[in-house]
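Below: one structure, written as structure tokens.
Note that the coordinates shown come from a computational prediction; the quantities given were computed from them, not determined experimentally. We count ligands from 1, going down the list as the structure has it; atoms in each ligand are counted the same way.
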Amino acid sequence: MRYSGLKVITEGLFGNKGWTRAWRDPAPKAEYDAIIIGGGGHGLATAYYLAKNHGLTNIAVLEKGYLGSGNIGRNTTIVRANYFIPGNSEFYSHSLKLWEGLETELNYNVMHSQRGQVVLFHSDGQRDQQIRRANAIVNQGDDAEIMSVEQLRAEFPYLDYEQTRFPIYGGMMQRRAGTARHDAVAWGYARGADQRGVDLIQNCEVTGIDVENGVVRGVQTTRGPIRAKKVAMIAAGRSGQVAAMAGMRIPVESHIMQAFVTEGLKPVMDAVISYGMGHFYISQSDKGGLVFGGDIDMYASYAARGNLPMVEHVMEAGMTLMPMIGRAKVLRSWGGIMDMTPDGSPIIDKTPIEGLFIDAGWNYGGFKAVPASGWCMAHLMATGQSHEVARRFRLDRFRTGHLLDEEGTGSQHNLH
Ligand SMILES: Cc1cc2nc3c(=O)[nH]c(=O)nc-3n(C[C@H](O)[C@H](O)[C@H](O)COP(=O)(O)OP(=O)(O)OC[C@H]3O[C@@H](n4cnc5c(N)ncnc54)[C@H](O)[C@@H]3O)c2cc1C
């Protein structure tokens, strides 16, 4: 079924009886050419591009819950391409270009909104750093502009520019950055993959990975064993647990991160705003709620809910940056499980086990990466070669010392 404005109108006139299910609900087969563990954004995008770009359709995505139940449906939806160091910059640039055509590509309204994102700076040193970053971003072909305090005041009059501790000196704006509706991205890729013959199998937890003489043979699941010559581990916050099923210990720690939404307000904020002196970022959803978040809770856990000290910390940062937010009531908060790597950058690579692939380590920034991650992981699985924009996301870089330390924090989790 193709979605269109005409279809919406005619269905509305005739009682909405003509819609069919967005994807099938198949039983698992005994064998596939490839299995993807994890039906999040990255797993579904990988399945979609394997089918679309490489013609591989005898594939299953195995999801232990329902599609979209993981971080793909839990994030604060910021999409941007303002990364700095080689390795990351070209990858996220590629991803943003894919975002820009995604709704047409999937025939699905993912509500991609290029409303812009501004990263504020609060000192001369930060200004220098952001100007350098902006120059690098422009040189790679993406957009970035430095905004003065006067320009910021005109666009964002509610920010506290003269706060005593962290006065605002200016900001780096990327106009092509923005937001998208997170779970619609999962649904759009799921529908596209299903249409091309991929089996999306929900409520199917992988409980073991079968390896014989260094070669992957398939997986054990709660719905029985399934054989495959290629298996991809794309389980985000559960990556460490899934890799352990193949006897691997990977450089990923799982941490909680929380998000918050206020009651619906009239339109007040038409861009994403990131605070330069605290881990705080905020946008307004199309329903009117202010959507915001902060840093990880700073202790390793598999609980998809956070704790009060980080709630207080995030609220404090919000009040410092824009005191008017104190008038809004927070309606909901939730947590997701972050797969944190020591350098804050991801992994898209083969593993030492033949036929076993890994796509993990998305930290708190993997939503914007979904299209490029799927694109590059599919390329790797189909051709056996890393895609050129993902070739530095190697699993062994932590051993060889080729870190992609985007934030300049070194290999210290507590500084991310
Ligand atoms: C609060 C919060 C805010 C965030 N904000 C942003 C943001 O603004 N911008 C941004 O770019 N990123 C953001 N992120 C990060 C982003 O959401 C993640 O990096 C990304 O979604 C992870 O990839 P995924 O979508 O594939 O993960 P998931 O959706 O978590 O997919 C992994 C799937 O694997 C499944 N699984 C696990 N184990 C098994 C098993 N044994 N068998 C079968 N299935 C299994 C899980 O159930 C899950 O559905 C945020 C995350 C959170 C939690």
Side-chain angles (χ1 to χ4, degrees), residues 35-47 60-83 92 95-96 99 117 177-180 182-183 185-186 189-190 200-209 219-223 226 231-246 254-261 272 274 279 281-283 291-297 302 304-306 310 314 332-341 344 346 359-374 377:
I35 285 172
I36 291 167
I37 306 172
H42 294 250
L44 293 166
T46 301
V61 177
L62 308 180
E63 167 53 48
K64 73 174 181 163
Y66 59 89
L67 300 182
S69 56
N71 288 335
I72 188 67
R74 291 169 176 266
N75 58 71
T76 43
T77 79
I78 302 170
V79 173
R80 58 186 165 87
N82 54 4
Y83 283 68
Y92 288 98
S95 205
L96 186 54
W99 274 105
Q117 184 214 16
T179 59
H182 46 195
D183 37 17
V185 176
Y189 274 117
L200 307 175
I201 302 169
Q202 305 182 70
N203 299 311
C204 182
E205 180 171 357
V206 172
T207 52
I209 298 177
V219 296
Q220 299 292 321
T221 80
T222 47
R223 296 176 69 174
I226 307 176
V231 175
M233 304 184 288
I234 316 187
R238 302 271 175 186
S239 296
Q241 290 178 324
V242 171
M245 294 176 196
S254 289
H255 287 256
I256 308 156
M257 194 161 86
Q258 304 186 59
F260 307 86
V261 177
V272 181
S274 294
H279 202 132
Y281 37 88
I282 185 163
S283 64
V291 181
F292 58 99
D295 212 336
I296 53 176
D297 270 43
Y302 288 109
R305 61 175 186 279
M310 189 48 72
V314 172
R332 297 184 286 129
S333 71
W334 62 87
I337 312 168
M338 307 289 86
D339 37 336
M340 304 295 292
T341 53
D359 177 310
W362 293 100
N363 297 267
Y364 35 63
F367 177 62
K368 69 180 85 65
V370 163
S373 168
M377 185 65 169

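Within the 4.5 Å cutoff, no side-chain heavy atoms of L96 are placed close to those of K368. In this structure, M377 and I234 have side chains that are in contact, with non-hydrogen atoms separated by less than 4.5 Å. In this structure, M338 and W362 have side chains that are not in contact, with every pair of non-hydrogen atoms separated by 4.5 Å or more. Between S274 and Q117, the closest side-chain pair of non-hydrogen atoms falls below 4.5 Å. A heavy-atom distance below 4.5 Å is not found between the side chains of V291 and T179. The side-chain heavy atoms of R238 and Y302, taken from C-beta on, include a pair separated by under 4.5 Å. Taking the side chain as every heavy atom from C-beta outward, E63 and L200 never approach each other to under 4.5 Å. Annotation: side chain of T46 is not in contact with side chain of Y189 (no heavy-atom distance under 4.5 Å).
Between G41 and ligand 1, at least one N/O pair is under 3.5 Å apart. Where the criterion is an N or O separation shorter than 3.5 Å, residue side chain and backbone included, E205 fails it with respect to ligand 1. Of the polar atoms of T76, at least one N or O is found under 3.5 Å from an N or O of ligand 1, judged by distance alone. Backbone and side-chain nitrogen or oxygen atoms of G65 are examined, and none is located within less than 3.5 angstrom of a nitrogen or oxygen of ligand 1. Polar contact with ligand 1: absent for W334 (N/O pair, distance under 3.5 Å). Ligand 1 has no nitrogen or oxygen under 3.5 angstrom from a nitrogen or oxygen of M245. Looking at R74 next to ligand 1, no N or O pair under 3.5 Å apart turns up.
A donor-acceptor contact shorter than 3.5 Å is absent between the side chain of D359 and the backbone of G43. With hydrogens and angles disregarded, a donor-acceptor distance shorter than 3.5 Å links the side chain of H182 to the backbone of N75. In terms of modelled atom types and a separation under 3.5 Å, the side chain of T207 and the main chain of Q220 share a donor-acceptor contact. Of the possible polar contacts, one joining the S254 side chain to the G237 backbone as a donor-acceptor pair under 3.5 Å is found.
Here T77 has backbone heavy atoms under 4.0 Å from ligand 1, and that is the only part of it that gets that close. Contacts between F367 and ligand 1 below 4.0 angstrom, taking non-hydrogen atoms only, involve backbone and side chain alike. With a 4.0 Å heavy-atom cut-off, ligand 1 is reached by the backbone of L62 but not by any atom from C-beta on. Of all the heavy atoms of A186, none lies under 4.0 Å from any atom of ligand 1, so neither backbone nor side chain is involved. Under 4.0 Å from ligand 1, not a single heavy atom of V370 appears.
If you number the atoms of ligand 1 from 1 as listed, the ones under 4.0 Å from a heavy atom of G40 come out as 25 (O), 26 (O), 28 (P), 29 (O), 31 (O), 33 (C). Ligand-side atoms of ligand 1 in range of A259: 1 (C), range being under 4.0 angstrom from any heavy atom. Atoms of ligand 1 found under 4.0 Å from any heavy atom of W362, numbered from 1 in the order shown, are 19 (O). Close contacts of ligand 1 with Y364, meaning ligand atoms under 4.0 Å from a residue heavy atom, involve 6 (C), 10 (C), 12 (N), 13 (C), 14 (N), 15 (C), 50 (C). Atoms of ligand 1 lying under 4.0 Å from at least one heavy atom of I72, given by number and element, are 21 (O), 25 (O), 28 (P), 29 (O). For ligand 1, the atoms closer than 4.0 angstrom to any heavy atom of N363 are 19 (O). Listed by number with element, the atoms of ligand 1 under 4.0 Å from a non-hydrogen atom of C204 are 43 (C).
The closest approach between any non-hydrogen atom of G365 and ligand 1 is below 4.0 Å. Residue contact annotation: T221 has no non-hydrogen atom under 4.0 Å from ligand 1. Heavy atoms of G335 come nearer than 4.0 angstrom to ligand 1 in no pair at all.
Counting only heavy atoms of the protein, atom 34 (O) of ligand 1 lies nearest to G38 CA, 3.3 Å. Considering only non-hydrogen protein atoms, atom 47 (O) of ligand 1 sits nearest to E63 OE2, 2.7 Å. What sits closest to atom 52 (C) of ligand 1 on the protein, heavy atoms only, is M338 CE, 3.7 Å. The nearest heavy-atom contact from the protein to atom 28 (P) of ligand 1 is N71 N, 3.3 Å. With respect to atom 39 (C) of ligand 1, the closest heavy atom belonging to the protein is K64 CD, 3.9 Å. Protein heavy atom at the shortest distance from atom 50 (C) of ligand 1 is N75 CB, 3.1 Å. Here the protein heavy atom with the shortest distance to atom 27 (O) of ligand 1 is A236 CB, 3.2 Å. With respect to atom 38 (N) of ligand 1, the closest heavy atom belonging to the protein is R238 CB, 3.6 Å.
Evaluated by nearest non-hydrogen atom to atom 26 (O) of ligand 1, the leading choice among Q202, Q258, K368, H42 is H42. With distances taken over non-hydrogen atoms, the option nearest atom 9 (N) of ligand 1 out of L67, I78, I256 is I78. With distances taken over non-hydrogen atoms, the option nearest atom 40 (C) of ligand 1 out of V61, T179, V206 is V206.
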- Please assess T77 against F367 for the test side-chain contact (heavy atoms from CB on, under 4.5 Å), listing each intermediate value before the final yes or no. CA-CA 7 Å; T77 79; F367 177 62; 4.0 Å; yes

- Could you check V242 against V206 for side-chain contact (heavy atoms from CB on, under 4.5 Å), going step by step and ending with a plain yes or no? CA-CA 8 Å; V242 171; V206 172; 5.6 Å; no

- Query: Where do M245 and I37 land on the side-chain contact (heavy atoms from CB on, under 4.5 Å) test, with the steps shown first?
  - Reply: CA-CA 12 Å; M245 294 176 196; I37 306 172; over 6 Å; no

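With rounding to the nearest 0.5 angstrom, the OG1 atom of T76 is 4.5 Å from the OH atom of Y281. Distance CG/N363 to CD1/I296: 8.0 Å, rounded to 0.5 Å. For the atom pair CD1 of I337 and CZ of R74, the computed distance is 7.5 Å after rounding to the nearest 0.5 Å.
Classified by interplanar angle (parallel below 30°, tilted 30° to 60°, perpendicular above 60°), the ring pair F292/F260 is parallel.
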